[in-house]
Amino acid sequence: MSQYDLNGLVTHTEPRASGMIQQLQQQGITHPELLALMGNIPRQDFVEPAFSHLAYSATPLPIGRNQTISQPLTVARMTEWLLRYARLGRVLEIGTGSGYQTCILAHFFNKVHTIERQQSLYSQARQRLAGMGIKNVEYLFADGQAGWPHKIEMDAVIITAMASKIPLALTNCLKDKGILIMPIDHPTPQIGCWRKEGDRWKCLGSEAASFVPLLEGMEHA
Ligand code: SAH
């Protein structure tokens, strides 16, 4: 758990946050602690300054380096699936980006492992979350397709960039009954949630969503 003071209450220091929360509720997001958390995280601090006036809008926004933060509904839906289906022990996130999703994961999971291939995004997210007092996150600057470098079994894996094929390293590190959340692009772009059941995958939900592509290798600076 982070030191970030949430206490299950939306304090609405940012007035636009209440509109975002209302909209999320209308779209079927019901988890009170998640809604409160999203209402309290200063989303404008995670997007490019030129877009901060749109920070609470229902749209993906630039975070630098041609990457985007997902729109609030997508973040909320992915997190609600995790809260409903996953054991909240260890989670691996591929695509730290701005660190917004990481910040939410850190609130609910005991430990978050997050990987980003773009060096400046990795450094900024790390600094931003440290500044918020979040301590249960391990950050890695690497190509996330190779998975976490040490063999650690994960309760959940969440991939926040679109791949045509899921790297084996990311499914192999999942415990049996672990939860996988990843975007898929056919027949239309969407995000899906699966449970690993032996060598089978049970689909637990999916929803339309757009994502930037999962890329190869690392990008310095
Ligand atoms: N969850 C993020 C949104 C991330 S956008 C947020 O809340 O802001 C997707 C991110 O995945 C981008 O930052 C991109 O650089 C990163 N990414 C793409 N391919 C990757 C890879 N192979 N390994 C690690 N990160 C990757």
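By convention here, the first residue in the shown sequence is residue 1. All ligand and atom numbering here is 1-based and tracks the order in the structure. Since the structure is predicted, the reported quantities are computational estimates derived from the model, not experimental observations.
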Which protein N or O atoms sit under 3.5 Å from any N or O of ligand 1? Give each pair with its distance.
unit_1   : atom_1 : unit_2 : atom_2 : d
ligand 1 : 1 (N)  : Gly95  : O      : 3.4
ligand 1 : 1 (N)  : Thr160 : OG1    : 3.3
ligand 1 : 7 (O)  : Gln101 : N      : 3.3
ligand 1 : 8 (O)  : Ser98  : N      : 3.0
ligand 1 : 8 (O)  : Ser98  : OG     : 2.6
ligand 1 : 13 (O) : Glu116 : OE1    : 2.7
ligand 1 : 13 (O) : Glu116 : OE2    : 3.4
ligand 1 : 15 (O) : Glu116 : OE2    : 2.5
ligand 1 : 19 (N) : Leu215 : N      : 2.9
ligand 1 : 22 (N) : Asp143 : OD1    : 2.9
ligand 1 : 22 (N) : Leu215 : O      : 2.7
ligand 1 : 23 (N) : Gly144 : N      : 2.7
ligand 1 : 25 (N) : Arg117 : N      : 3.3

Exercise. In plain terms, say whether Asp45 and Arg128 are close enough for a salt bridge, that is, a side-chain N and a carboxylate O under 4.0 Å apart.
Key: no
Self-check item: Pairs meeting criterion ring-ring contact (aromatic ring centres under 6.0 Å, His included) with involvement of residues 112-133, two or more places apart
Solution: His113-Trp148, Tyr122-Phe141
Quiz item: Does Gly64 offer a backbone N or O that forms a donor-acceptor pair with the side chain of Glu48 under 3.5 Å?
Solution: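 Yes; at least one donor-acceptor contact below 3.5 Å.
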Quiz item: Do Asn110 side-chain atoms and Gly89 backbone N/O form a donor-acceptor pair below 3.5 Å?
Solution: no
Quiz item: Just by distance, with hydrogens left out, do Gln71 and Ser210 show a side-chain donor and acceptor under 3.5 Å apart?
Solution: no
Self-check item: Check: Glu93/Thr114 side-chain N/O donor and acceptor closer than 3.5 Å
Solution: yes
